[in-house]
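Below: one structure, written as structure tokens.
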Number of protein chains: 2
Amino acid sequence: MQGQNISDIIERYLKEILADSEEIEIRRSEIADQFDVVPSQINYVIKTRFTIQNGYLVESKRGGGGYIRIEKVKLLDDIDVLDSLIRVIGDSLSERDAISILGSLYEDAVLSKREASILASAIAKSSLNLSDRNLEEQVRAKIMVGILNHLRYE
Amino acid sequence: MQGQNISDIIERYLKEILADSEEIEIRRSEIADQFDVVPSQINYVIKTRFTIQNGYLVESKRGGGGYIRIEKVKLLDDIDVLDSLIRVIGDSLSERDAISILGSLYEDAVLSKREASILASAIAKSSLNLSDRNLEEQVRAKIMVGILNHLRYE
DNA sequence: TCTACTTTGACTAATGTTGACTATTATTAT
DNA sequence: ATAATAATAGTCAACATTAGTCAAAGTAGA
């Protein structure tokens, strides 16, 4: 018996459209009006039901002609590996560990050699160049988690 | 379904012309008349969509016979272009500008679509997730310069 | 009752549009 | 030549139009 509250109903509505098309582009206020809720409820629905873990990418733009676009993406098989890497990284990552992760992603054919080397330059100590060591490792962890999350889908 | 606002439409119009020729020379008031907007809107379109980050150089002249000339350039082919890009980045880079740069590198065939999108997720606001906005943009600038330098010497 | 989930709205942020005013260059009149 | 005028483009700030964030209040199920 799920689907009683308005968030579930909006979710179902959007997912029905996404069953037929790869993506959907909405105007937040229109959907809010349509279901008679405040606009920020649409953000709530998206944040709780259209996550990358569920295979959805969301982009938006503010201002005149603004929109929210939800895209359905194909999740890949290596997700368990990615999840455990994300867990291991936590909130701090040294350059050495980062390079070893990139290396194993290459070994596993998740990344090409070139992709791994470009990413290595992106998270190198010499690029980040932050005076605070802890901060540097925190930032590197976040970048790496962002990359791993991206690798979940095609 | 993208491009509902008039700025996007003018952008698309100009870029269609630039797809065929290296550069385009316009009279500001003519384009403004053509799309029924005030002349300064053309400046807005140029300032937000024809930047060096997007791979365009713009020159203009006022007075009788005045014009605005937009030229398409490749970011990594010309050391002067790369230098001015790096100068414009300075020590702070917004996500929007970063995505523009990655998009330009893709158009120039320096990066594959996949490489560009992985890098986009590495420097995304949602990945970096730093509470301090200035710090976030500083970090992004450093990462991007690191990437550009790597690609230059590759 | 307790807890997690949902709903709401005030405030914030990003982007786009407009027009008054300014700056520059070319042309015309003196 | 020089000065006035015309013909361009540039800047900036006010206003308009969207979406995002956050936390308080409400609700439903164990």
Side-chain angles (χ1 to χ4, degrees), chain A residues 1-14 24-51 54 57-71, chain B residues 1-14 24-51 53-54 56-70 92-100 124-134 136-137 140:
Chain A
M1 274 302 197
Q2 45 199 153
Q4 294 309 293
N5 64 57
I6 191 68
S7 288
D8 288 337
I9 293 169
I10 295 170
E11 172 190 14
R12 197 158 2 110
Y13 170 77
L14 295 174
I24 173 179
E25 194 172 298
I26 62 172
R27 287 184 61 230
R28 188 178 72 154
S29 58
E30 271 180 13
I31 303 296
D33 283 350
Q34 191 173 330
F35 292 94
D36 196 29
V37 298
V38 296
S40 61
Q41 177 125 20
I42 308 306
N43 297 90
Y44 175 74
V45 171
I46 286 173
K47 199 173 169 196
T48 54
R49 293 153 162 86
F50 292 86
T51 64
N54 289 321
L57 282 185
V58 179
E59 288 176 277
S60 64
K61 198 169 85 164
R62 309 186 193 187
Y67 58 83
I68 299 175
R69 178 163 47 226
I70 306 174
E71 185 186 353
Chain B
M1 283 286 205
Q2 195 175 2
Q4 293 308 288
N5 65 60
I6 191 68
S7 290
D8 286 340
I9 293 169
I10 296 169
E11 172 190 13
R12 209 174 332 131
Y13 171 77
L14 296 174
I24 174 182
E25 195 172 296
I26 62 171
R27 169 163 283 115
R28 187 179 73 155
S29 57
E30 271 180 15
I31 303 295
D33 283 350
Q34 190 174 331
F35 291 95
D36 196 30
V37 298
V38 296
S40 62
Q41 177 127 20
I42 308 306
N43 296 89
Y44 175 74
V45 171
I46 287 173
K47 198 174 162 196
T48 53
R49 293 152 163 86
F50 292 87
T51 63
Q53 294 93 326
N54 290 111
Y56 296 94
L57 292 180
V58 178
E59 295 172 88
S60 64
K61 200 172 80 167
R62 309 188 193 187
Y67 58 82
I68 299 175
R69 180 163 44 224
I70 307 174
S92 183
L93 182 64
S94 69
E95 176 165 19
R96 177 180 172 146
D97 283 345
I99 287 175
S100 294
K125 184 190 214 77
S126 60
S127 294
L128 295 180
N129 195 31
L130 298 169
S131 48
D132 181 337
R133 163 77 160 266
N134 285 336
E136 174 198 315
E137 302 211 330
R140 188 178 292 115

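These numbers were taken from a predicted model, which means no experiment stands behind them. Note: hydrogens, waters and symmetry copies are ignored here, and every other heavy atom, side chains too, is used. Chain naming here is simple, since letters A, B, ... match the order of the sequence lines and numbering starts at 1 in each.
Within the model, atoms CD1 of B:I68 and CD1 of B:I42 stand 7.5 Å from one another, a figure rounded to the nearest 0.5 Å. Atom CD1 of A:I46 is separated from atom CD1 of A:I70 by 4.0 Å, given to the nearest 0.5 angstrom. Summarising the geometry, atom CG belonging to A:L14 is positioned 4.5 Å from atom CZ belonging to A:F50; distances are rounded to the nearest 0.5 Å.
Closest approach of B:E95 to B:R140, counting heavy atoms only: N-NH1, 3.3 Å.
Residue B:I6 contributes atom CD1, which lies 16 Å from atom C1' of D:dA16 at whole-angstrom precision. Regarding A:I68, its CD1 atom lies at a distance of 14 Å from the P atom of C:dT15, rounded to whole Å. With rounding to whole Å, B:D8 atom CG is found 6 Å from C:dG16 atom P. For the pair B:R96 CZ and D:dG20 P, the interatomic distance rounds to 15 Å; values are reported in whole Å. Taking atom CZ of B:R27 as the reference point, atom C1' of C:dT24 lies 15 Å away to the nearest angstrom. Atom CZ of B:R28 is separated from atom P of D:dA7 by 15 Å (rounded to the nearest Å). The nearest whole Å value for the distance from the CG atom in B:N5 to the P atom in C:dA14 is 17 Å. C:dT8 atom C1' lies 13 Å from atom CD1 of A:I10, rounded to whole Å.
Under the 4.0 Å criterion applied to side-chain N and carboxylate O atoms, B:E11 and B:R49 are assigned as salt-bridge partners.
Between A:R49 and C:dT6 there is a side-chain N or O to OP1 or OP2 distance below 4.0 Å. Taking 4.0 angstrom as the limit, A:S7 places a side-chain polar atom (N or O) nearer than this to OP1 or OP2 of C:dT7. For the pair B:K61 and C:dA26, the criterion of a side-chain N or O lying under 4.0 Å from OP1 or OP2 is met. Side-chain N/O atoms of A:R62 include none lying less than 4.0 angstrom from OP1 or OP2 on C:dG16.
Residue B:G63 is classed as a base contact, given a heavy-atom separation below 4.0 Å to a base. Within 4.0 Å of A:G64, counting heavy atoms only, lies at least one base atom of the nucleic acid.
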A:Y13 and A:Q34: CA distance, side-chain angles, deciding distance, side chain to side chain donor-acceptor pair (under 3.5 Å) verdict: CA-CA 11 Å; A:Y13 170 77; A:Q34 191 173 330; 3.3 Å; yes

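The backbone N or O of B:D97 lies less than 3.5 Å from a partner atom in the side chain of B:S94, making a donor-acceptor pair.
If you check residues 29-48 of chain A against DNA chain D, the residues with a heavy atom closer than 4.0 Å are A:S29, A:S40, A:N43, listed by number.
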